[in-house]
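Dumping the structure here so I can ask a few things about it.
We number each residue from 1, following the sequence as shown.
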Amino acid sequence: MDQNFSYGQQIWHRLKKNKTAFAGLIIIFFTVLVAFAAYIIAPDNTPNADLQTVEIQAKKPGYAQLFLKIPDPKPIEKNSFSRFFTGTVSQYRFLPIRSYTINGNELVVEKYIDEDTAVNQVYNIEQ
């Protein structure tokens with residue numbers, strides 16, 4: 001081996017000679033790249049994404065729940081780099097409900113708390 005190479009250059013030269021090790025390094029590099037870019041590659045914007053609703057968080061997969069979608073205007077950071085790590089904040093609150101009725105300009109909902117508990121709440125729905 002030529003003595004003019006630094007220790008790092010010697011390692012790199014030996015790694016390039018070993019095809020299997022070099023292929024493994026490429027696979028590891030690609031995997032790390034995909035892991036860091038996963039949110040950009042495949043964001044979960046589906047309506048079935050986990051909403052982290054406390055009332056139903058212990059339910060098994062496949063559990064169906066009726067929700068009331070309430071507008072919750074919050075300022076959105078459009079071009080923020082932190083959005084890459086934290087995601088975007090929903091513009092809505094999702095309230096788990098058992099049933100609802102409309103009485104004139106009022107929406108009366110039976111808010112789901114747990115299997116045997118519900119609370120009536122009234123919302124104004126003026127047009």
Side-chain angles (χ1 to χ4, degrees):
M1 188 102 340
D2 189 17
Q3 294 298 330
N4 293 334
F5 288 122
S6 71
Y7 183 68
Q9 289 173 330
Q10 290 176 7
I11 292 174
W12 180 248
H13 184 68
R14 287 179 61 196
L15 182 65
K16 287 194 302 185
K17 279 185 174 180
N18 187 343
K19 303 291 185 205
T20 307
F22 194 71
L25 180 66
I26 290 173
I27 290 170
I28 290 170
F29 177 74
F30 180 72
T31 304
V32 169
L33 182 68
V34 168
F36 278 117
Y39 183 73
I40 295 170
I41 294 169
D44 190 3
N45 295 326
T46 62
N48 297 324
D50 188 2
L51 301 173
Q52 298 294 320
T53 307
V54 175
E55 292 87 354
I56 63 168
Q57 68 185 4
K59 300 295 183 186
K60 295 184 188 261
Y63 173 80
Q65 177 67 51
L66 183 63
F67 283 94
L68 177 62
K69 186 177 176 181
I70 304 170
D72 190 20
K74 296 175 187 165
I76 297 177
E77 298 177 28
K78 294 282 185 193
N79 297 324
S80 174
F81 184 71
S82 67
R83 189 179 76 170
F84 176 76
F85 296 106
T86 61
T88 56
V89 178
S90 175
Q91 292 296 104
Y92 300 95
R93 285 186 304 129
F94 293 90
L95 187 71
I97 62 173
R98 285 192 179 163
S99 64
Y100 67 93
T101 57
I102 299 174
N103 296 329
N105 287 337
E106 293 182 338
L107 175 66
V108 180
V109 297
E110 189 177 1
K111 181 182 182 233
Y112 176 87
I113 305 245
D114 63 22
E115 292 300 322
D116 18 329
T117 309
V119 175
N120 285 338
Q121 293 182 340
V122 179
Y123 294 94
N124 189 2
I125 54 171
E126 289 183 20
Q127 299 292 336

> Which heavy atom in Ile113 sits nearest to a heavy atom in Ala118, and how many Å separate them?
Replying inline: CG1-CA, 4.2 Å
> How far apart are the C-alpha atoms of Thr53 and Tyr112, what are their side-chain angles, what is the distance that settles it, and do they pass the side-chain contact (heavy atoms from CB on, under 4.5 Å) test?
Replying inline: CA-CA 11 Å; Thr53 307; Tyr112 176 87; over 6 Å; no
> Do the side chains of Phe30 and Val34 get nearer than 4.5 Å, heavy atoms only?
Replying inline: yes
> Do you know which two heavy atoms are closest between Val122 and Glu106, and how far apart they sit?
Replying inline: CG1-CD, 3.7 Å
> Roughly how far, to the nearest 0.5 Å, is CG of Leu25 from CG of Leu15?
Replying inline: 5.5 Å
> Do the non-hydrogen side-chain atoms of Leu68 and Gln121 ever get within less than 4.5 Å of each other?
Replying inline: no
>> Once rounded to the nearest 0.5 Å, what's the spacing between atom CD1 of Ile56 and atom CG of Asp114?
In response: 13.0 Å
> Any idea how Phe94 and Phe67 line up, ring-wise: parallel (<30°), tilted (30 to 60°), or perpendicular (>60°)?
Replying inline: perpendicular
> Tyr123 and Ile102: same hydrophobic cluster, using ILVMFWY side-chain contacts below 4.5 Å?
Replying inline: yes
> How many angstroms lie between CG in Leu107 and CG in Asn124, if you round to the nearest 0.5 Å?
Replying inline: 10.0 Å
> Where do Ile11 and Tyr7 land on the side-chain contact (heavy atoms from CB on, under 4.5 Å) test, with the steps shown first?
Replying inline: CA-CA 6 Å; Ile11 292 174; Tyr7 183 68; 3.3 Å; yes
>> Distance check, rounded to the nearest 0.5 Å: Lys59 atom NZ versus Glu115 atom CD?
In response: 3.5 Å
> Counting heavy atoms not belonging to Tyr100, are there more than 12 under 6.0 Å from its OH?
Replying inline: no
> Under a 4.5 Å side-chain heavy-atom rule over Ile, Leu, Val, Met, Phe, Trp and Tyr, are Leu66 and Ile70 clustered together?
Replying inline: yes
>> Rounded to the nearest 0.5 Å, what separates atom CZ in Arg14 from atom CD in Gln9?
In response: 14.5 Å
>> In the structure I gave you, are the side-chain heavy atoms of Glu110 and Ile97 within less than 4.5 Å of one another anywhere?
In response: no
